[in-house]
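Working notes, structure below.
Predicted model only: the values in this text are computed from it and were never measured.
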Amino acid sequence: MAMSDYSDLEKSISGAAEPKMLPVGTEVKARIISVRSGISDKNDCTWYQPVYDVPNDPMVAEFNDFMWELNKEKLTPKQFARELYKFKQFATAFGVDYSRPFSWEDDLPGKEGWVILGIKKSEEYGDQNTVKKYVVKK
């Protein structure tokens, strides 16, 4: 088995910074790095969870958002109306062409757009950044 030699990086490794969160309300350019998906046990509706990073600051911890598939039969009218608006903001901010079919998992990673960050509190995972709002640049 080959040996690894990091002796020339010893000081860099010992002084490495830990990932960080950004304050609530910070506006950043985000990049979609992956999209998770699944089907809800409660309403049998597909959901998507874009995962983002901040390309200009590699130490910002990855964060995500949650979106329902736009399905009138499986969402309540209130959920559908809100998800329709949220998807419009997301698609505009990230340049998603929804005039034709696309794959969330294959076509969206790599796209960049602007978001305003919030913080989600979690006892299990600790505080994490989340998308508070998608920024539609004119």
How about Phe87 and Thr92: do any of their side-chain heavy atoms sit closer than 4.5 Å? no
Gap separating the CG atom of Leu22 from the CG atom of Asp57, nearest 0.5 angstrom: 6.5 Å
Side-chain donor or acceptor of Glu83 paired with backbone N/O of Phe80 under 3.5 Å: no
Closest non-hydrogen atom pair, Val35 against Glu105: O-CG, 3.5 Å
Could you check whether any side-chain heavy atom of Arg36 comes within less than 4.5 Å of a side-chain heavy atom of Val51, counting everything from C-beta outward? yes
Would you say that Ile116 contacts Val135 through its side chain, given a criterion of any heavy-atom pair below 4.5 Å between the two side chains? yes
Val54 and Phe63: side-chain contact (heavy atoms from CB on, under 4.5 Å), yes or no, with the steps? CA-CA 9 Å; Val54 176; Phe63 55 96; 3.9 Å; yes
Minimum-distance pair of heavy atoms, taken over all atoms of Ile13 and Tyr6: CD1-CB, 3.9 Å
Is the closest side-chain heavy-atom distance between Phe66 and Pro50 below 4.5 Å? no
In short, Pro55 meets Glu112 closest at the heavy-atom pair CG-OE2, 3.7 Å
Stepwise side-chain contact (heavy atoms from CB on, under 4.5 Å) check, Leu117 with Val24: CA-CA 5 Å; Leu117 298 175; Val24 170; over 6 Å; no
Any donor-acceptor N or O pair under 3.5 Å, side chains Ser37, Gln49: no
Is the shortest heavy-atom distance from the side chain of Ser122 to the side chain of Gln128 under 4.5 Å? no
State plainly whether the residues Lys74 and Asp44 are in salt-bridge range, i.e. N to O under 4.0 Å. yes
Grab the two heavy atoms, one from Val96 and one from Phe90, that are nearest each other, plus how far apart they are. CG2-CE2, 4.1 Å
Nearest non-hydrogen partners of Val28 and Thr26, listed with the distance: CG1-CG2, 3.6 Å
Walk me through it: do Leu70 and Leu84 pass the test side-chain contact (heavy atoms from CB on, under 4.5 Å)? CA-CA 7 Å; Leu70 298 176; Leu84 204 59; 3.9 Å; yes
Separation of Trp68 CH2 from Cys45 SG (nearest 0.5 Å): 5.5 Å
Any Tyr48 side-chain heavy atom under 4.5 Å of Leu108 side chain: no
Does some side-chain heavy atom of Tyr52 sit less than 4.5 Å from a side-chain heavy atom of Ile33? no
For the pair Lys86 and Asp65, evaluate side-chain contact (heavy atoms from CB on, under 4.5 Å) and give the outcome as yes or no after the intermediate values. CA-CA 11 Å; Lys86 183 177 184 179; Asp65 197 11; 3.1 Å; yes
Shortest non-hydrogen separation from Tyr134 to Ala93 and the atoms involved: CB-CB, 4.1 Å
Taking the side chain as every heavy atom from C-beta outward, state whether Val115 and Phe94 have any pair of such atoms under 4.5 Å apart. yes
So does Gly118 get a backbone contact from the side chain of Asn129, meaning a donor-acceptor N/O pair under 3.5 Å? yes
